[in-house]
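Below: one structure, written as structure tokens.
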Amino acid sequence: KAGVTQTPRYLIKTRGQQVTLSCSPISGHRSVSWYQQTPGQGLQFLFEYFSETQRNKGNFPGRFSGRQFSNSRSEMNVSTLELGDSALYLCASSLAPEANTIYFGEGSWLTVV
Amino acid sequence: GNSVTQMEGPVTLSEEAFLTINCTYTATGYPSLFWYVQYPGEGLQLLLKATKADDKGSNKGFEATYRKETTSFHLEKGSVQVSDSAVYFCAPHGSSNTGKLIFGQGTTLQVKP
């Protein structure tokens, strides 16, 4: 059974550009969450999606957005990139929001220069 | 909302030593509790979980017991190995109807031969 797949694994962007990250959850999982991990702030919750609906959103500016498709795959987008957006972006999937088994992908390493 | 406090690291131990990483949480209700482990350059791996009071989660020699009275979920291992060197995160569910996890700052474990 394939795990949570995130693409791309590594990318470098320039300030002001935008980036789209993709997450394919485990087959059958319909709930997807995103987290940002930085050395200074640790792991911070970005958004949660279930059945194509955003259920929760963390305390991030509007430059951070996301969506979920009918096949449960999810994307997040960051526009007008800033140096501080350099981070590991992690996607997590579960059968449903209240499910008590949540699996993470390997993450997408974003460097903004 | 829910929150979590982990003991500060790094924790440095010799191989075969006993490990305890403290975790306490504040929560409304009785959320499921998780320990995740992150090896260098990787995403988060689910180490163990407990879904109700007095439950004991265990995996790979690690154990943690859901203590409702002390709101704690301390991680223990009887004999650590060099390969256990990693960052460990304690995380309760944000609330009962969400997949959002609340992460502590993580505890770095270094095991020396």
Side-chain angles (χ1 to χ4, degrees), chain A residues 3-7 9-10 21 23-26 29-51 53-60 66 68 72 74 87-109, chain B residues 1-10 23 25 27-53 55-59 64 66 73 86-108:
Chain A
V4 181
T5 303
Q6 292 189 243
T7 56
R9 287 295 315 280
Y10 305 93
L21 308 177
C23 172
S24 293
I26 292 171
H29 284 197
R30 296 167 58 199
S31 180
V32 173
S33 297
W34 289 88
Y35 295 81
Q36 181 196 63
Q37 186 177 26
T38 59
Q41 299 298 318
L43 278 156
Q44 296 187 86
F45 170 77
L46 279 158
F47 343 87
E48 176 190 12
Y49 289 91
F50 177 65
S51 294
T53 301
Q54 187 180 89
R55 290 170 55 91
N56 282 292
K57 188 177 193 302
N59 188 25
F60 279 83
Q68 186 181 35
S72 295
S74 178
L88 175 64
Y89 290 87
L90 291 163
C91 171
S93 86
S94 61
L95 284 169
E98 65 277 10
N100 55 31
T101 304
I102 302 171
Y103 295 100
F104 282 80
E106 292 294 311
S108 292
W109 290 90
Chain B
N2 296 354
S3 64
V4 61
T5 302
Q6 284 183 237
M7 65 186 289
E8 293 214 14
C23 170
Y25 64 92
T28 305
Y30 305 107
S32 294
L33 302 173
F34 304 86
W35 276 100
Y36 284 87
V37 58
Q38 186 174 36
Y39 298 99
E42 298 185 11
L44 299 178
Q45 294 181 26
L46 177 61
L47 182 59
L48 53 82
K49 65 180 182 182
T51 58
K52 60 183 186 296
D55 259 4
K56 177 186 282 188
S58 61
N59 185 29
Y66 192 138
F73 192 53
V87 182
Y88 292 81
F89 293 92
C90 179
H93 248 152
S95 63
S96 61
N97 64 348
T98 177
K100 175 182 175 181
L101 294 170
I102 308 298
F103 285 97
Q105 74 274 28
T107 302
T108 299

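To find a chain, count down the sequence lines: A is the first, B the second, and so on, and within it residues start at 1.
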Find the distance between OG1 (A/Thr101) and CG (B/Leu46) and round it off to the nearest 0.5 Å.
6.5 Å

Can you name the nearest heavy-atom pair linking B/Tyr36 to A/Ile102, along with the distance?
OH-O, 2.6 Å

Once rounded to the nearest 0.5 Å, what's the spacing between atom CG of B/Leu101 and atom OG of A/Ser94?
8.5 Å

Heavy-atom proximity to chain B below 4.5 Å, by part of A/Gln44
neither

Let me confirm one number: the CD-OH distance from B/Gln45 to A/Tyr103, rounded to the nearest 0.5 Å.
11.5 Å

Minimum heavy-atom separation for B/Glu42 to A/Leu88, with atom names?
O-CD2, 4.2 Å

Residue A/Ser33 versus chain B: region with a heavy atom under 4.5 Å
side chain

Centre-to-centre under 6.0 Å for B/Phe103 and A/Phe45, is that the case here?
no

Counting only heavy atoms closer than 4.5 Å, note whether A/Leu90 contacts chain B via side chain, backbone, both or neither.
side chain

Between A/Phe47 and chain B, with a heavy-atom cut-off of 4.5 Å, which part of the residue counts as in contact: side chain, backbone, both or neither?
neither

Structural part of A/Leu43 lying under 4.5 Å from a heavy atom of chain B:
both

Spacing of B/Lys100 atom NZ and A/Tyr35 atom OH [to the nearest 0.5 Å]:
8.0 Å

A/Tyr89: ring pair (Phe, Tyr, Trp, His ring centres under 6.0 Å) partners, not counting sequence neighbours
none

